Each structure stands twice: as structure tokens, then as C-alpha cells.
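Working notes, beginning with the structure itself.
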Amino acid sequence: MGKPHVVIIGGGATGAALAHDLTLRGVRVTVVERGEVTSGTTGRHHGLLHSGARYAVKDQESAKECIQENMILRKIAPDTFELNNGLFVAITEEDMAYHSAFIDGLETCGIPYKEITPKEALQREPNLNPAVKAVVEVPDGTMDAMRLPLRFFATAQSNGAIIKTYTEAMELLMSGKTITGVRVRDHVTEKDYDIGADIVINASGAWSDKIAAMAGVHVPLQPSPGVLVAVYGRWNNMVLNRMHRSGDGDIILPQRTLSVIGTSSWVVKDPDQLEMKKEHIQLMYKMGSVLVPGVKHAKMRAAWAAARPLIGSEGEASTGRELSRTFKCFDHADHGGVEGFVTIAGGKATTARGMAEVTTDIVMKKLRMNVPCRTRDVVLLPHTAYYRRRM
Ligand SMILES: Cc1cc2nc3c(=O)[nH]c(=O)nc-3n(C[C@H](O)[C@H](O)[C@H](O)COP(=O)(O)OP(=O)(O)OC[C@H]3O[C@@H](n4cnc5c(N)ncnc54)[C@H](O)[C@@H]3O)c2cc1C
């Protein structure tokens, strides 16, 4: 008997990490992505390798996932990150009121931290607001949004995965209540064809409920967009966060020669209809300049929006900030009575490897295979290796 075949719908961070895990465990993998790889939310995220500190008070499950994955990624993807650490900065009395809950949260979630004096913080980051009252250093980092997924894809490809870009899943093929494959459209030739599969994984991020609907099932997925603004100039060398409950424009991240201010948050029904709100750009400038006053007059290089794939039902959230950043895997045999179909949704780009591990464990059981996960230790190929086989 040949290897079982798994089709992954979605070529973002989650699909990339899944392709890597599944190929290492001896499965034949095909990824179908309707655009270029990382063309969904992944290629447009902020670029923060989360330590989990941002979620340490209100969303501790996600915070623990972030610190675990942060440490693993440093090992398996060396030279992908700028390991610059992050500063959580209290500027107002309201921020100070959050300080002790923040420290408690870091302790509970096992996130290493160091309190530093405002004087030291200003020596290290001279553009920081001089009104800074308290500062905590954590192991945040900067990442290039595309390179980490490309490293997962490159390694999966070298282990036999087929990655089909510009290939859109149009329909799920079913025999009774069992998924047997995917009908796809090749957007280069505009031809449709079928790909058979033992299992189909829906890793389509903010589009997950649309794909689930093709099988007549539902996932509680709330697309929640945010606006990011890149300004000219590297105003800080460490990741800067306000020390308060997550809010608008309270992170400034250095990315090459730019600084990226983010983000806002609202909810939409359709992730393909993202309005770029002008007032959100103004808000990024306004709130960003509380952290670093100089960015107020910095020239804008670009502004864009992307939709977070958050777990939550319609009507549950008004801005998206109420929803957890953790992830959930749905085996649709148990969620909707459809065999051969699994959805993985939610999470962060930082936690994609962990999401893939949990999902692949479920897929292994369904395939009656007993192969342990190795992605915590296998060092990934460089991102450039992704392009070598793509002519
Ligand atoms: C504003 C913002 C800032 C963020 N900042 C950070 C950050 O700094 N750090 C961090 O760790 N996380 C961050 N995130 C979260 C992170 O970006 C997402 O959790 C992650 O990228 C989701 O990856 P994914 O692979 O699940 O989804 P996606 O990257 O969206 O991938 C899903 C793919 O499915 C494809 N697809 C959809 N329908 C079909 C179809 N019918 N057929 C084939 N393909 C299809 C899409 O084109 C897409 O490429 C941020 C999110 C937002 C919105």
C-alpha cells in the first residue's frame, strides 16, 4: 500500500507547518493555495515573534502557547528572527495600575522577564516617550512574516510535499458523509480538476468557515481585521508594547529600516471585504506617538489590513479583542458528522508549529498511524530553498 494522501487547503503559516509535520510522519501531502503562498493573513501580519507577554493577563492559554513556540522556533529556525527582545512600557497611571497583574501573568505563564529602570530603557531606546514610568523586558522578537512559513514549505517540499499555488478549492468531493477529495480550479489555465485524498485539512484561516460550509459543516470562526502602518525610519530597535490591556496602536515593531505600528481590531463577515479605514491609520499615528513621540510626523511607507482568524461565534465579539488567540482543531467526524475532514483554526503565526502538531496527532489517529511528531527538533531548511524546485 502507498502512503496515505492528505490535501491541505491554505498556504499560510498553518498550512506550511502542517505540510512539514505530515511529511516528516510519512504522509503524502498536497497543499492547495488560491494565491501565492502566504498571500492570506500570514504575509500581512505585524512580524512579532510573540513571547506571550501581550496575552499574559487576559488570555493565558495563548500566552503559554506563544512562549513555548517562541523557544522552539529559535531552535528550529535559526537566523530567521531578529532576537531583539521587547519592552513593555508603562506611560500613564492607568498603565501603572496594570503593572502588578502583568507581572503575575508573566509568572503564571512562565514567561521570562526582567524589570529595568526608565533610565536604562531610555538609554537603550532614546526615542521612547520620556514620561515612561516602568519597563519590563521580555523575549519578544521581530520576524519576517514570509520567511518562517517558507522555511516550513521548503523543508516539506524537500520531503516530497507538492505545493500548488494559484489553485483554489472550489468544492469538497464526498461519498455519502465522507470527504474523498477536493475539486480545484487552476487559476493559470482556468481549468477545474479533482484531487483525491484520504483526509482533507482545512487550514484556510479566516476563510475556514467558508471551506467548512462546502462540507455542510460549520466552524465558529470570527474574521477580525486590523490595520498596520509602516513608517519610514527605524524608531526603535526592540519591540515596544504599552503595558496595558491590549488596545489600538500599542505596539511598534522595527522591521528592517521601517517601524510598523499596529494595530486596530474590528469584526467582519467576509475576509475578502476588508475596508482600509482612514481613521484607523490616524489612530495608529496617534496611539503610536504615545509610545514614541517622533513617529507622529514620520512619513508613511504603507498601510494595510489583514483578518485574524479567531475562534468565536457570530455576535460574540464587537471588536475581536474579546476573543482568545488560542487555536482549536475540529475533527468533523465529531463536529458535524463528516468523515475525512479536519479544520484547524485560530492561533498566531508564532504558534503555527504547535497547531500543526495537535492537528497532525489527530490525523495520525484517523489514519491509524503511530508516528510521533519530530518538528520540535528538526532544523528547517533556509527560506531560499523553497524556490529551488519551483521552475
Ligand atoms: C493585523 C494582524 C497582525 C498580526 N500580527 C501578528 C504577529 O505579529 N505575530 C503573530 O504571530 N501573529 C500575528 N497575527 C496573526 C497571524 O497573522 C495569523 O494567526 C496567521 O497568519 C494565520 O495563518 P493561517 O495560515 O491560519 O491563515 P492564512 O495566512 O490566512 O492562510 C490561509 C490561506 O488559505 C487560502 N485560501 C482561502 N480560501 C481558499 C480556497 N478556497 N482554496 C485555496 N486556498 C484558500 C488563503 O488565500 C490564505 O492564504 C496578526 C494578524 C493580523 C490580522
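Counting convention: from 1, in listed order, for ligands and their atoms alike. Since the model is a prediction, treat every value here as computed from it, not as a measurement.
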Would you say D21's side chain and L18's backbone share a donor-acceptor pair under 3.5 angstrom?
-> no
Could you pull out, from W207, F327, W304, the option with a heavy atom nearest to atom 37 (C) of ligand 1?
-> W207
Could you tell me whether Y55 and H50 have their ring centroids closer than 6.0 angstrom?
-> yes
Hey, does L48 come in under 3.5 Å of ligand 1, counting only N/O atoms on both sides?
-> yes
For I9, the atoms of ligand 1 under 4.0 Å from one of its heavy atoms are 42 (N), 43 (C)
Applying a strict 4.0 Å limit to heavy atoms, is G47 in contact with ligand 1?
-> yes
Does an N or O from A13, backbone or side chain, lie closer than 3.5 Å to an N or O of ligand 1?
-> yes
Spacing of OG belonging to S51 relative to CG belonging to N85, to within rounding of 0.5 Å = 9.0 Å
For T80 and R151, does a side-chain donor sit closer than 3.5 Å to a side-chain acceptor?
-> yes
Answer with side chain, backbone, both or neither: which part of M170 has a heavy atom less than 4.0 angstrom from an atom of ligand 1?
-> neither
By side chain to side chain donor-acceptor pair (under 3.5 Å), which residues pair with T343, not counting sequence neighbours?
-> N202, H332
Should one rank R44, H46, K210 by closest heavy-atom distance to atom 3 (C) of ligand 1, which comes out on top?
-> H46
Shortest protein heavy-atom distance from atom 34 (O) of ligand 1, along with the residue and atom involved = G10 CA, 3.3 Å
Please determine if G40 has a nitrogen or oxygen closer than 3.5 Å to a nitrogen or oxygen of ligand 1.
-> yes
Tell me yes or no: between the side chains of T30 and H5, is some donor less than 3.5 Å from an acceptor?
-> yes
Looking only at protein heavy atoms, identify the closest one to atom 21 (O) of ligand 1 and say how far it is in Å.
-> T42 OG1, 2.9 Å
Hey, does V184 sit under 4.0 Å from ligand 1 if you only count heavy atoms?
-> no
Using distance alone, decide if ligand 1 has a nitrogen or oxygen within less than 3.5 Å of any nitrogen or oxygen in E33.
-> yes
Nearest candidate to atom 7 (C) of ligand 1, where distance is taken over non-hydrogen atoms, out of H45, E69, R34, M143 = H45
Quick one: do V32 and Y193 end up in the same hydrophobic cluster if we chain Ile, Leu, Val, Met, Phe, Trp and Tyr together by side-chain heavy atoms under 4.5 Å apart?
-> yes
N/O separation below 3.5 Å, T14 to ligand 1 | yes
Residue R308 vicinity, atoms of ligand 1 by number, heavy atom under 4.0 Å = 51 (C), 52 (C), 53 (C)
Inspect the contact between E82 and R234 and indicate whether a charged nitrogen and a carboxylate oxygen are less than 4.0 angstrom apart.
-> yes
Intermediate values then yes/no, salt bridge (charged side-chain N to carboxylate O under 4.0 Å, His left out), R124 and E137 = CA-CA 12 Å; R124 289 164 79 179; E137 184 174 0; 3.0 Å; yes
For A306, the atoms of ligand 1 under 4.0 Å from one of its heavy atoms are 53 (C)
Are Y166 and V184 grouped together when hydrophobic residues (ILVMFWY) are joined by side-chain heavy atoms under 4.5 angstrom apart?
-> no
Interfacing atoms of ligand 1 (cut-off 4.0 Å, heavy-atom, G205) | 26 (O), 27 (O), 32 (C)
Say you draw a straight line from CD of E65 to OG1 of T326; how long is it, rounded to the nearest 0.5 Å?
-> 3.0 Å
Are side-chain N/O atoms of E322 and S318 paired as donor and acceptor at under 3.5 Å?
-> yes
Please report which non-hydrogen protein atom sits nearest to atom 40 (C) of ligand 1, along with the residue it belongs to and the distance in Å to one decimal place.
-> A169 N, 3.7 Å
Is any N or O atom of T263, backbone or side chain, closer than 3.5 Å to an N or O atom of ligand 1?
-> no
Which of parallel (below 30°), tilted (30 to 60°) and perpendicular (above 60°) describes F330 and H335?
-> perpendicular
G11, any N or O under 3.5 Å of ligand 1 N or O = no
Counting each atom of ligand 1 from 1 as listed, which ones have a heavy atom of T167 under 4.0 Å away?
-> 43 (C)
How far is atom 32 (C) of ligand 1 from its nearest protein heavy atom, and which residue and atom is that?
-> S204 C, 3.5 Å
Give me the one residue out of R25, K365, M369 that meets side-chain contact (heavy atoms from CB on, under 4.5 Å) with T360.
-> R25
Ligand 1 versus I211, non-hydrogen atoms closer than 4.0 Å: side chain, backbone, both, neither?
-> side chain
Short N-O contact, K191 and D186, less than 4.0 angstrom = no
Counting from 1, what ligand 1 atoms have a heavy atom of V32 closer than 4.0 Å?
-> 43 (C), 44 (N)
Could you list the atoms of ligand 1 found under 4.0 angstrom from a heavy atom of A203?
-> 32 (C)
Are any of the N/O atoms in G347 less than 3.5 Å from those in ligand 1?
-> yes
So which protein heavy atom does atom 16 (C) of ligand 1 come closest to, and at what separation?
-> A349 N, 3.6 Å
Near A307 (heavy-atom distance under 4.0 Å), the atoms of ligand 1 are 53 (C)
With atom 30 (O) of ligand 1 as the reference point, say which of V182, T41, L310, L148 has the nearest heavy atom.
-> T41
Are the charged groups of K75 and D377 less than 4.0 angstrom apart, N to O?
-> yes
With a 4.5 Å heavy-atom cut-off, do T178 and F341 have their side chains touching?
-> no
